[in-house]
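Along the sequence shown, residues carry numbers from 1.
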Amino acid sequence: MATITMTSENHDKTIEDGIVLIDFWAGWCVPCQRFAPVFEESSEKNPDVTYAKVDTEDQQELAMRYGVTSIPTLVAYRDGIPVFSQPGALPQAALEDLVSQVKQLDMDEVRKAYAEAQAQQGEQQK
């Protein structure tokens, strides 16, 4: 599967189901340029995963929404829940390991922990 371009318009629909990896990048960023073929190769190996790219120059609002201050930044979702976020380019083996770990997550546990974190955050905002 080829990568898709993620924008503010298609973001919510893209992340709602399955596993989604998001690469925040910019054309002038040399580490981003080096990571791009690694990300693309992983997308070919894992057709059951959605690979999305966000051009931080074009989608500044989306980058700000994620608090991206360093690129490349990689974010992973599973079933609409963010499960990983880290700046820096990953080598191929580390990216494949991440995909494997996300596939093996116990989503009942993840949903429970996410709901607890959301509730706690709501309490703190009162």
**Message:** I'd like to know whether Ser42 forms a side chain to side chain donor-acceptor pair (under 3.5 Å) with Glu96, so could you lay out the CA-CA distance, the side-chain angles of the two residues, the decisive distance to 0.1 Å, and finally the verdict.
**Reply:** CA-CA 7 Å; Ser42 183; Glu96 293 306 321; 2.8 Å; yes

Is [Y] reachable from [X] through a run of hydrophobic residues whose side-chain heavy atoms are each under 4.5 Å from the next?
X      : Y     : answer
Ile4   : Val54 : no
Val68  : Val75 : yes
Leu105 : Leu21 : yes

Find the distance between [atom1] ([X]) and [atom2] ([Y]) and round it off to the nearest 0.5 Å.
X     : Y     : atom1 : atom2 : answer
Phe35 : Ile71 : CZ    : CD1   : 12.5 Å
Lys53 : Asp23 : NZ    : CG    : 4.0 Å
Phe39 : Tyr51 : CZ    : OH    : 7.0 Å
Ile81 : Glu16 : CD1   : CD    : 13.0 Å

Are [X] and [Y] close enough that some pair of their side-chain heavy atoms sits under 4.5 Å apart?
X      : Y      : result
Asp108 : Lys112 : no
Ile19  : Val83  : no
Pro72  : Cys29  : yes

**Message:** Applying salt bridge (Lys or Arg N to Asp or Glu O under 4.0 Å) to Asp48 and Arg78, what does each step give before you reach the verdict?
**Reply:** CA-CA 12 Å; Asp48 56 332; Arg78 176 134 175 225; over 6 Å; no

**Prompt:** Any sub-3.5 Å donor-acceptor pair from Asp79's side-chain atoms to Ile15's backbone N or O?
**Reply:** no

**Item:** Under 3.5 Å donor-acceptor, Asn46 side chain and Ser43 backbone
**Value:** no

**Request:** Carefully, step by step, assess Lys45 and Glu41 under the rule salt bridge (Lys or Arg N to Asp or Glu O under 4.0 Å).
**Result:** CA-CA 6 Å; Lys45 291 180 180 177; Glu41 185 176 328; 3.4 Å; yes

**Request:** Kindly indicate, with the supporting measurements, whether the criterion side chain to side chain donor-acceptor pair (under 3.5 Å) is fulfilled by Trp25 and Gln33.
**Result:** CA-CA 8 Å; Trp25 67 282; Gln33 294 167 6; over 6 Å; no

**Message:** Ignoring hydrogens, what is the shortest heavy-atom contact between Val38 and Leu90? Give both atom names and the distance.
**Reply:** CG1-O, 3.7 Å

**Message:** Please list all pairs meeting ring pair (Phe, Tyr, Trp, His ring centres under 6.0 Å) that have one or both residues in residues 60-83, counting only residues at least two apart or in different chains.
**Reply:** His11-Tyr66, Phe24-Tyr66

